[in-house]
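Values in this document were obtained by computation on a predicted structure and should not be read as measured data.
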Amino acid sequence: RRYPSWLDELAEQSGMSVGHVRTGEIDVAMEENLDDLRERFDWQERQDMQPEWLDDAELRRREPGVHPAFAAAIFNPHAGSVLLGQVAEAQARAASSLGAKIETFASVSSIIVKDGNATGVLVNGEFLPAGQVVVAAGAWSRLLANSLGTPIPTMPVRGQMLAIGHAPQPVRAIIAGGGGYIVPRADGTIAVGATEEHSAGFHTQVTPAGIAWLVDLLRSLAPTLADGVLVDTWAGLRPGTIDGEPIIGPIPGVNNVWAATGHFRSGALLAPSTAEVVADGLLSGVVDPSIAAFSAARFINVQ
């Protein structure tokens, strides 16, 4: 609900497009999974998400290219996508216009703590003073935990993706199912993702095995897309955590350090709400009770 207005603010402040398209999303299910799909539909109705139930005939009418094995689907009209590279650049431009100083290619090796307060960070070996610090280093956040004495147990989970162009039968909405999704994007391509690789470490290579998995997913969701043109492949590292939940809030034992990390596959989705709750907490000194469950304190006694 916050996302569209946030994107409008971002585009206005940065002066650039972020590739936002509101296509809606179709979550598909086979006959044996219809009970689970119905439960999800009922939950979305209770949250006033305005879902629409699509039977087999309506699903075919909306998306003729969807695999015939699917028996029904949920359509969420408010879903959409952005081009995340453009979002990142727009955020940097917007922040700079508001007075932020952005250091590119800067390596933060540790946070300097004295008498229970962070005094700054080491950037490329040089001390940079800071009144408050936010650890938002994604999968690399755990590397800053030693200097704080509190675990921030993020772990890299590689996700490979590909993009299709010139699809013979394009899809109009996001199609989700089988542990992945296909996304029609603002640049005219269709993105397919994503693998979930917990043992790849910090390696971002695209692999034949990953691409094979994505092609199989593509064929299982919308087979005709496999006859399109492969225009791009890429991989990124999601920040997973041992319990699958993000880490948001003050770091225990240090008065002026917060965490905003560990969002796994939902970082782009939860960015605006995370940013607002962290910014409000930094300014007010009051921790929003809605993020209590995401405190790093839950890991202190975890081995």
Side-chain angles (χ1 to χ4, degrees), residues 19 21 23-34 36-37 40 54 56 59-76 79-87 139 155-240 244 264-269:
V21 287
T23 58
E25 177 178 323
I26 295 176
D27 295 340
V28 295
M30 296 184 182
E31 188 74 37
E32 61 267 27
N33 298 319
L34 289 186
D36 291 338
L37 189 71
R40 196 183 320 161
L54 306 182
D56 178 78
L59 175 59
R60 307 295 152 214
R61 189 189 71 79
R62 299 269 187 108
E63 295 289 351
V66 166
H67 198 288
F70 296 114
I74 299 171
F75 177 67
N76 187 309
S81 67
V82 294
L83 296 173
L84 283 176
Q86 292 178 202
V87 171
M155 60 195 73
V157 182
R158 184 168 65 189
Q160 299 185 51
M161 295 187 68
L162 60 81
I164 298 293
H166 306 287
Q169 189 174 37
V171 294
R172 290 174 289 184
I174 299 166
I175 310 296
Y181 47 83
I182 54 180
V183 183
R185 304 194 298 175
D187 61 3
T189 64
I190 298 174
V192 184
T195 65
E196 190 173 304
E197 303 168 65
H198 292 263
S199 59
F202 287 96
H203 300 291
T204 57
Q205 295 94 333
V206 175
T207 66
I211 297 304
W213 187 91
L214 293 169
V215 172
D216 286 344
L217 173 71
L218 180 64
R219 286 175 171 155
S220 72
L221 292 176
T224 60
L225 293 181
D227 293 324
V229 177
L230 180 63
V231 296
D232 197 8
T233 62
W234 66 98
L237 300 177
R238 312 178 188 93
F264 191 34
R265 296 182 70 151
S266 299
L269 304 177

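Arg60 contributes a side-chain N or O that, together with a main-chain N or O of Val66, makes up a donor-acceptor pair within less than 3.5 Å. For Ser266 (side chain) and Leu269 (main-chain N/O), no donor-acceptor pair under 3.5 Å exists by modelled atom type. No donor-acceptor pair under 3.5 Å is formed between the side chain of His203 and the backbone N or O of Gln205.
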Side chain to side chain contact (heavy atoms under 4.5 Å, CB included) for Asp187 and Gln86? Distances and angles first, verdict last. CA-CA 11 Å; Asp187 61 3; Gln86 292 178 202; over 6 Å; no
Go through Leu221 and Phe70 one step at a time and tell me if the side chain to side chain contact (heavy atoms under 4.5 Å, CB included) criterion holds. CA-CA 9 Å; Leu221 292 176; Phe70 296 114; 3.8 Å; yes
Candidate pair Leu225 and Ile182, rule side chain to side chain contact (heavy atoms under 4.5 Å, CB included), full reasoning: CA-CA 10 Å; Leu225 293 181; Ile182 54 180; 3.6 Å; yes
His198/Val157 under side chain to side chain contact (heavy atoms under 4.5 Å, CB included): CA gap, chis, key distance, verdict: CA-CA 5 Å; His198 292 263; Val157 182; 3.7 Å; yes
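Interatomic distance, CZ of Phe75 versus CD of Glu63, reported as 9.0 Å (0.5 Å rounding). Ile26 CD1 to Ile175 CD1: the interatomic distance, rounded to the nearest 0.5 Å, is 4.0 Å. Here the CH2-CE distance, from Trp234 to Met161, works out to 4.5 Å after rounding to the nearest 0.5 Å. Here CD of Glu197 is found 4.5 Å from CD of Gln160. Values are rounded to the nearest 0.5 Å. Here the CZ atom belonging to Arg158 is positioned 10.5 Å from the CZ atom belonging to Arg238, to the nearest 0.5 angstrom.
Heavy-atom minimum distance, Leu217 versus Gly177: CD1-O, 3.6 Å. Taking both residues in full, the closest heavy atoms of Pro170 and Ile190 are given as CA-CD1, 4.2 Å, listed atom of the first, atom of the second, then distance. Residue Thr23 comes nearest to Arg172 through the heavy atom pair CB-O, 3.3 Å, listed as atom of the first residue, atom of the second, then distance. Taking every heavy atom of both residues into account, Trp213 and Thr195 meet most closely at CE3-CG2, 3.8 Å. When all heavy atoms of Ala176 and Glu25 are compared, the closest pair comes out as CB-OE2, 3.6 Å. For Ala72 against Leu34, the heavy-atom pair with the smallest separation is CB-CD2, 3.7 Å.
Taking the charged nitrogens against the carboxylate oxygens, Arg40 and Asp36 have no contact shorter than 4.0 Å, which rules out a salt bridge.
Under the 4.5 Å side-chain criterion, counting only non-hydrogen atoms from C-beta, Val21 is not in contact with Arg185. With a 4.5 Å cut-off on side-chain heavy atoms, Leu218 and Ile164 count as touching. For the pair Ile211/Thr233, a side-chain contact is recorded, criterion being any heavy-atom separation below 4.5 Å from C-beta on.
Atom NE2 of His166 is surrounded by 12 or fewer heavy atoms from other residues, nucleotides or ligands within 6.0 Å.
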